[in-house]
Every structure is written in C-alpha cells, then in structure tokens.
Amino acid sequence: MENGYDAIVIGAGFAGAVAAREMAEKEGRRVLILERRSHVGGNAYDCLDEAGVLIHRYGPHIFHTNEEAVYRYLSRFTDWNAYEHRVAAKVHGRFMPVPFNLTSLKMAFGEEEGSRLAEKLIGVYGAEKKVTILELRRNADPDLAKVADYVYQNVFSYYTQKQWGTTPEEIDPATTARVPVFLSEDDRYFQDTWQGIPKDGYTRLFERMLDHPGITVRLNTDGRDYLFFEGSSGIRFEGEPYRGAVIFTGALDEWFDCRFGRLPYRTLDFAFETLPVTWYQPRGTVNYTVDEAFTRITEFKYFSGQDIPDRTTIVKEYSREYTGEAGEIPYYAVINPENNALYARYRALTEGYENFFCLGRLAEYKYYNMDAIVGQALALCGRLR
Ligand code: FAD
Ligand code: UDP
C-alpha cells in the first residue's frame, strides 16, 4: 500500500466512480477519489431545485444502452423509471418528431405526398432503416433530394450552427449520425433495449456506488494540486513517489498546463426557469431547429415522473466555444482530424507513466454516452487486474 491508497482516481463522474468501485470491490484496493466539484456524479449530477423538481444540473441525461452487462451493473445501484425519451423539433410553430421519421415526413409534405415519399424512401433504403442526413444528401434522385433538403434546412443546419458554430458537413459525421432519418413510425429518440432514468436520481446512484469501505472521496479537490508527473516515468502524490494506479478522467490538455495549446471544446450555458404551469411542452425535450438562440428546452418532470401540479422546471441550453475561463466546463470535444492530432500529442506525453490511465469523455477526447463510459471503465479495470 502506498500513501495509504492502492489507487487514485481523478474525477467522480461515471468513469471515475465505476473504476473506483471495481477496484475496491473486486481487488480489495483502497481507492482515493479526488473530485474538484463540490459533488459526485460529474455531468450526470442531479438535485432538487427550489420548486422541488429533480433537475439535471449539467443538462438532460437519459440512460440508454444495448449492453446488457452495463445495464445490469448500474441496476445494482438503482431502480429505473421506465422513461422513453421523445423529442420534437419546433419547426415554424409545429412540433415534428426528431429523429425525423415517417410521421415527420407527412407533417412536412402532407399526407398524400408524404406517403409517396415514404414509399420511395423505403424502396431505396428499406423499412425501419436509419439513414444519416449526410448519406441522404448524397442521393441524386430528385424526390430523395427534396426530402434531404427539407431535413437539412429544417432540422440540422441551424441547430448544428448553434451547437458547433459550423455546418453539418464540417463536424465529425458520427455526430449527425446520432440522429438519423428513421424510416419508421417509432418516435423514440433511442431504440436501445434498455433505457430509463434512475428512480431516485443519478446522484443517489453515485452515492450508492461510492458507498464502499475501500473508497474515500475528497470533494473540492483538484487532482493537479496533489499529483505530479516527475521525470519521464514517475508520479508523485502528496510529495512522495506513488506507484499505485492513477486513473485520470479530466481534460488531458489541462493536466499538461495546455503546453501545446488548448484542446477545443464546446461549453454550455444553462438557463433554468420554473414556471407556474403543470406542463410547459409536449415532450421531454424540444429542439429549436429553425429559430431562437438556444438549442433545446428540456422539461425535467418528464424524466422524474414527479406529480407536482402548477409548477414545472425547464432548462434552455446555449452552446459556445470553451475558453478555459474559471467556472466554464468543457462539455463536448470538437472532434476532427486536427484536434485529434493535438490530443494525440498530449496523450503521447503520458506514455512513460505506466501506472497512469486516461479514462472517460474528457480524458479520451471522445463523444461518449454514459453507457459507453461505464463499459470502458469496467474493461479498463478488468485489464488492471
Ligand atoms: P464527467 O461526467 O465529465 O466527469 C469528470 C469528472 O472529473 C467531473 O466531475 C470533473 O469535475 C472531474 N475533474 C476533471 N478534472 C479534474 C481534476 N483536475 N481534479 C479533480 N477532478 C477533476 N450521455 C448519455 O448516455 N445520455 C444522455 O442523455 C446524455 N446527455 C448529455 C447531455 C449533455 C449536455 C452532456 C454534456 C453530456 C451528456 N451525456 C449523455 C454524456 C455524459 O455526460 C457522459 O458520457 C458522462 O458524464 C461522462 O462521464 P465521465 O466520468 O467521463 O465525465
Ligand atoms: N442535431 C441537429 N438537430 C437536431 C438534433 C441533432 O442538427 O434536432 C445534430 C447536431 O449537430 C447535434 C448532433 O446532431 O449536435 C447530435 O445530437 P444529439 O441530440 O445526439 O446531441 P447531444 O444530446 O449529445 O447534445
């Protein structure tokens, strides 16, 4: 045992919390988590607001996965609200299902023309198939081009401009592929086998996961104040050489004082409002795809299932470039070849440090959903055994 701890984890989001639990439980390691926020849960943190509504402090989080092992793992720490996320785009005053589907098609083009276009799309791509907007735009058929233009203009163009500051062509194709045109009447945002919201909230899930005699959590503690790289292969913790595993889930450019320049991220400003109505909007989330400065509005009672009459809490999300100023949080990696190359330079700096592991959405500079992070954390800890 080193300095009283066999492993140190920086960050108490999904990556850090799952890794800590695995190491403590499977190997009896004594694990210290350093978390710079005043709470656990990372961006999945939720809490009650003054109106008593369970809000997601860092934006809407809906759990969904096709990985049974991940679902089973998290189910040890929570029961689930059987919530299925449904999203509408507000297009010129009408609420149109997103992902754009056969219902949206008929809303956009009318019943008759919509049915004809649906038949044609299904003839080309197949029923119940998903087609990305970029793929659809490559089809030269005039009918399909008409659909592609409509979807591009009314669903993707302005929303993507707001979210990323650029066009759908300029961002990683995997990003718009998250929300493909869906040749179906299924209007759920996700088709994953397992989906839901933790019954008592995400924070409670984290508290249960971290409630283990082998785990110590230090909040309001920046890992960079306690851990340092030394020479080309050593790590120091609280002034002493440290040879236990260090799992780092923060931003890698920050760890190296941004010596090659900042890794680009998008940050968000959240505007929460409590309104004197029971319900504000017809779906959990409404995307503003053709107007407004915010990208989307989420109404939290859809997630929590709380029965609270005459008041509801919503959040508007405004996206902008992350500058690294105090208080800003890097939410989305801006994935492209140039930024990936910059990330690779930072990653190369960690190579000699054999007990240092990068894990999570920030540390790996990836667009991971929660389930992917849980899967990655379980896999990494499996390799460390
Ligand atoms: P984080 O949650 O970012 O946790 C990292 C933690 O490390 C933070 O608590 C941070 O404070 C801490 N930290 C960083 N640096 C240091 C340091 N130097 N010292 C100490 N602590 C440090 N996923 C879904 O599956 N479904 C969704 O609906 C969904 N919605 C999302 C909506 C938004 C607006 C965003 C931004 C993300 C969403 N995600 C969603 C993704 C989800 O948030 C991530 O997959 C998940 O939170 C990543 O976990 P993580 O542990 O890697 O990172
Ligand atoms: N997108 C869009 N319009 C929409 C929904 C999504 O243009 O109505 C694009 C946009 O570029 C967005 C990406 O698809 O960033 C991924 O959307 P998703 O809802 O998965 O984003 P997240 O919930 O991760 O912010």
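One-based numbering, in listed order, for ligands and for the atoms of each. Just so we're clear, the structure is a prediction, and the values are computed from it rather than from any experiment.
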[X] near ligand 1, heavy-atom distance under 4.0 Å?
| X | answer |
| --- | --- |
| T221 | yes |
| F63 | no |
| Y58 | yes |

Which is closest to [atom] by heavy-atom distance: [options]?
| atom | options | result |
| --- | --- | --- |
| atom 4 (O) of ligand 1 | A377, G223, G13, P60 | G13 |
| atom 42 (C) of ligand 1 | H64, H61, R36, H56 | H61 |
| atom 23 (O) of ligand 2 | K90, R296, R178, E317 | R296 |
| atom 50 (P) of ligand 1 | A372, G16, A15 | A15 |

Of all the atoms in ligand 1, which lie at a distance below 4.0 Å from a heavy atom belonging to [X]?
| X | value |
| --- | --- |
| G360 | 52 (O) |
| L268 | 34 (C) |
| Y368 | 41 (C), 44 (C), 45 (O) |
| Y332 | 33 (C), 34 (C) |
| E35 | 6 (C), 7 (O), 8 (C), 9 (O), 10 (C), 11 (O), 12 (C), 20 (C), 21 (N) |
| I373 | 45 (O), 48 (C), 52 (O) |

Give me the residue, atom name and distance of the protein heavy atom closest to [atom].
| atom | answer |
| --- | --- |
| atom 49 (O) of ligand 1 | F14 N, 3.9 Å |
| atom 36 (C) of ligand 1 | Y331 CD2, 3.5 Å |
| atom 6 (C) of ligand 2 | V179 CG2, 3.7 Å |
| atom 2 (C) of ligand 2 | Y159 CD2, 3.4 Å |
| atom 41 (C) of ligand 1 | R361 NH1, 3.4 Å |
| atom 26 (N) of ligand 1 | I62 O, 2.8 Å |
| atom 3 (O) of ligand 1 | N43 ND2, 3.4 Å |
| atom 22 (P) of ligand 2 | Y367 OH, 3.4 Å |
| atom 8 (O) of ligand 2 | N287 ND2, 2.9 Å |
| atom 18 (P) of ligand 2 | Y189 OH, 3.7 Å |
| atom 15 (O) of ligand 2 | W164 NE1, 2.8 Å |
| atom 14 (O) of ligand 2 | T175 O, 3.7 Å |
| atom 25 (O) of ligand 2 | Y332 OH, 2.5 Å |
| atom 25 (O) of ligand 1 | M370 N, 2.8 Å |
| atom 7 (O) of ligand 1 | G11 CA, 3.2 Å |

Under 30°, 30 to 60°, or over 60°: which ring-plane class applies to [X] and [Y], parallel, tilted or perpendicular?
| X | Y | result |
| --- | --- | --- |
| H85 | Y83 | tilted |
| Y331 | Y58 | tilted |
| W255 | F248 | tilted |
| Y150 | F100 | tilted |

### Query
Is a side-chain donor or acceptor of E230 paired with a backbone partner of G234 at a separation under 3.5 angstrom?
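The answer is no, because no donor-acceptor pair under 3.5 Å joins these two groups.
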### Query
For ligand 2, which atoms have a heavy atom of Q163 less than 4.0 angstrom away?
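Heavy-atom distances to Q163 below 4.0 Å select 15 (O).
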### Task
Mark up the atoms of ligand 2 that fall under 4.0 Å of a heavy atom belonging to T289, in ascending order.
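Checking each atom against T289, I get 8 (O).
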### Message
If only side-chain N and O atoms count, and only distance matters, is there a donor-acceptor pair under 3.5 Å linking T65 with D192?
### Response
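Judged by distance alone, the side chains do not pair up.
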### Query
Are side-chain N/O atoms of S319 and R266 paired as donor and acceptor at under 3.5 Å?
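Their side chains do contain a donor-acceptor pair, which is all the 3.5 Å distance test asks for.
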Would you check whether [X] has a nitrogen or oxygen atom less than 3.5 angstrom from a nitrogen or oxygen atom of ligand 1?
| X | answer |
| --- | --- |
| E254 | no |
| D222 | yes |
| G250 | no |
| A44 | no |
| E317 | no |

Is the positively charged end of [X] above the ring of [Y], judged by distance under 6.0 angstrom from the centroid and angle within 45° of the axis?
| X | Y | result |
| --- | --- | --- |
| R283 | Y302 | no |
| R76 | Y73 | yes |
| R30 | Y5 | yes |
| R208 | F77 | no |

#### Entry: Side-chain ion pair, E111 and R116, N-O less than 4.0 Å
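Judged by the 4.0 Å cut-off on N to carboxylate O distance, E111 and R116 do not form a salt bridge.
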### Message
For K199, is there an ion pair with D79 - N to carboxylate O distance below 4.0 angstrom?
### Response
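Salt bridge flag = no for K199 with D79.
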### Query
Does any non-hydrogen side-chain atom of F272 lie less than 4.5 Å from one of E50?
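No - every pair of side-chain heavy atoms lies 4.5 Å or more apart.
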#### Entry: Proximity of Y332 and Y265 rings by center, below 6.0 Å
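So the answer is no for these two rings.
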### Task
Flag the pair Y158 / Y288 as yes when their ring centroid distance falls below 6.0 Å, and as no otherwise.
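Between Y158 and Y288, the centre distance exceeds or equals 6.0 Å.
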### Query
Below 4.0 Å from any atom of ligand 2, is there a heavy atom belonging to V87?
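No, that is not the case, since the closest heavy atom of the residue is not under 4.0 Å from the ligand.
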### Message
Considering both backbone and side-chain atoms of T160, is one of its nitrogen or oxygen atoms within less than 3.5 Å of a nitrogen or oxygen in ligand 2?
### Response
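Right, the criterion is met.
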### Task
Kindly confirm or rule out an N or O of V98 lying under 3.5 angstrom from an N or O of ligand 2.
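No, V98 has no N/O under 3.5 Å of an N/O on ligand 2.
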### Message
For Y226, I'd like to know if atom OH has over 12 heavy atoms of other residues, nucleotides or ligands within 6.0 Å.
### Response
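Incorrect, the count does not exceed 12.
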### Message
Between E317 and F270, is the side-chain contact (heavy atoms from CB on, under 4.5 Å) condition met? List the steps.
### Response
CA-CA 5 Å; E317 293 174 52; F270 295 105; 3.6 Å; yes
### Query
Can K90 and Q281 be said to form a side-chain hydrogen bond (donor to acceptor under 3.5 Å, both in side chains), step by step?
CA-CA 11 Å; K90 195 164 185 191; Q281 63 186 23; over 6 Å; no
### Task
For the pair R21 and V18, evaluate side-chain contact (heavy atoms from CB on, under 4.5 Å) and give the outcome as yes or no after the intermediate values.
CA-CA 5 Å; R21 179 78 190 206; V18 170; 5.8 Å; no
